Amino acid sequence: ESSDDLVDAHAFPLNSGDDHQCQYLSPQTLSNANPEEIAKIISSVLFANVKSKQIIQAAKEVKTQFHGKVPTTRHGLKLITGIGPKLAELLYYVNSYNAYAETEKEEP
C-alpha cells in the first residue's frame, strides 16, 4: 500500500447522544479498548461480545500494518481480518469520492 492508498482514521460520533462512546472510534483508541465497553456500544448487533474482540483485532492490524491509516483500496481492506470481498467493496464505495459526490447532490 502506498501512502496515497491510506486515509487518516479520526474519531466520529455514533449519533447515540452518548459522548463517552466517541472516544473509541479510531484505530489507535480501539486497539487499546476494553472489549466489554465495545460490546456495550454495539449491543444491538448479534454476538456483540465476539464482534467487539474482532473489532479490536482489526484496529490493531490497521495500527501495525497500515501505520494507523485505514486502507482505501479493496485489496488493502481485504488484508484486515474480518473484512471479506463484500464488505471491502462496500467500504471502498462508501469512502470513495463518488459516494460523497452523490450525497451532496441529494441534499436540498
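The first residue in the sequence is number 1, and the count goes up from there. Just so it is clear, the values below take in all heavy atoms, side chains as well, and ignore hydrogens, waters and symmetry mates. Treat the numbers as computed from the prediction; the structure is a model and nothing was measured.
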*Asks:* Can you list every salt bridge (charged side-chain N to carboxylate O under 4.0 Å, His left out) pair that touches residues 26-36, not counting sequence neighbours?
*Replies:*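 Every pair satisfying salt bridge (charged side-chain N to carboxylate O under 4.0 Å, His left out) with a residue in residues 26-36: there are none.
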*Asks:* I'd like to know if the side chain of T64 and the backbone of K60 have a donor-acceptor N/O pair within less than 3.5 Å.
*Replies:*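 Yes.
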*Asks:* Salt-bridged, K86 to E89, with N to O below 4.0 Å?
*Replies:* no
*Asks:* Can you find a heavy atom in the side chain of V94 that is under 4.5 Å from one in the side chain of L91?
*Replies:*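 When only atoms from C-beta onward are counted, L91 and V94 do not touch, as no gap falls below 4.5 Å.
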*Asks:* Distance check, rounded to the nearest 0.5 Å: F66 atom CZ versus L79 atom CG?
*Replies:* 5.0 Å
*Asks:* So, for A59 and P27, which heavy atoms are closest and what is the spacing to 0.1 Å?
*Replies:*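 Closest heavy-atom pair between A59 and P27: CB-O, 3.7 Å.
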*Asks:* Identify the two heavy atoms, one from S31 and one from I56, that lie closest to each other, and give their separation to 0.1 Å.
*Replies:*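 It is O-CG2, 3.8 Å.
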*Asks:* Got a sec, which residues hit side-chain contact (heavy atoms from CB on, under 4.5 Å) with A88, two or more places apart in sequence or on another chain?
*Replies:* L77, K78, I83
*Asks:* Going by the rule side-chain contact (heavy atoms from CB on, under 4.5 Å), which residues pair with Q65 if we only count those two or more places apart in sequence or in a different chain?
*Replies:*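 Counting only residues at least two positions away or on another chain, Q65 forms a side-chain contact (heavy atoms from CB on, under 4.5 Å) with E61.
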*Asks:* Name each donor-acceptor pair under 3.5 Å that joins a side chain in residues 46-55 to protein atoms two or more places apart or in another chain, with its distance.
*Replies:*
{"from": "S52", "atom 1": "OG", "to": "P35", "atom 2": "O", "distance (Å)": "3.1"}
{"from": "S52", "atom 1": "OG", "to": "A48", "atom 2": "O", "distance (Å)": "3.3"}
{"from": "S52", "atom 1": "OG", "to": "N49", "atom 2": "O", "distance (Å)": "2.8"}

*Asks:* Taking the side chain as every heavy atom from C-beta outward, state whether K63 and T29 have any pair of such atoms under 4.5 Å apart.
*Replies:*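 Counting from C-beta outward, K63 and T29 never come under 4.5 Å.
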*Asks:* A58 and I80: which non-hydrogen atoms are nearest, and at how many Å?
*Replies:*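 Residues A58 and I80, closest heavy atoms: CB-CG2, 3.6 Å.
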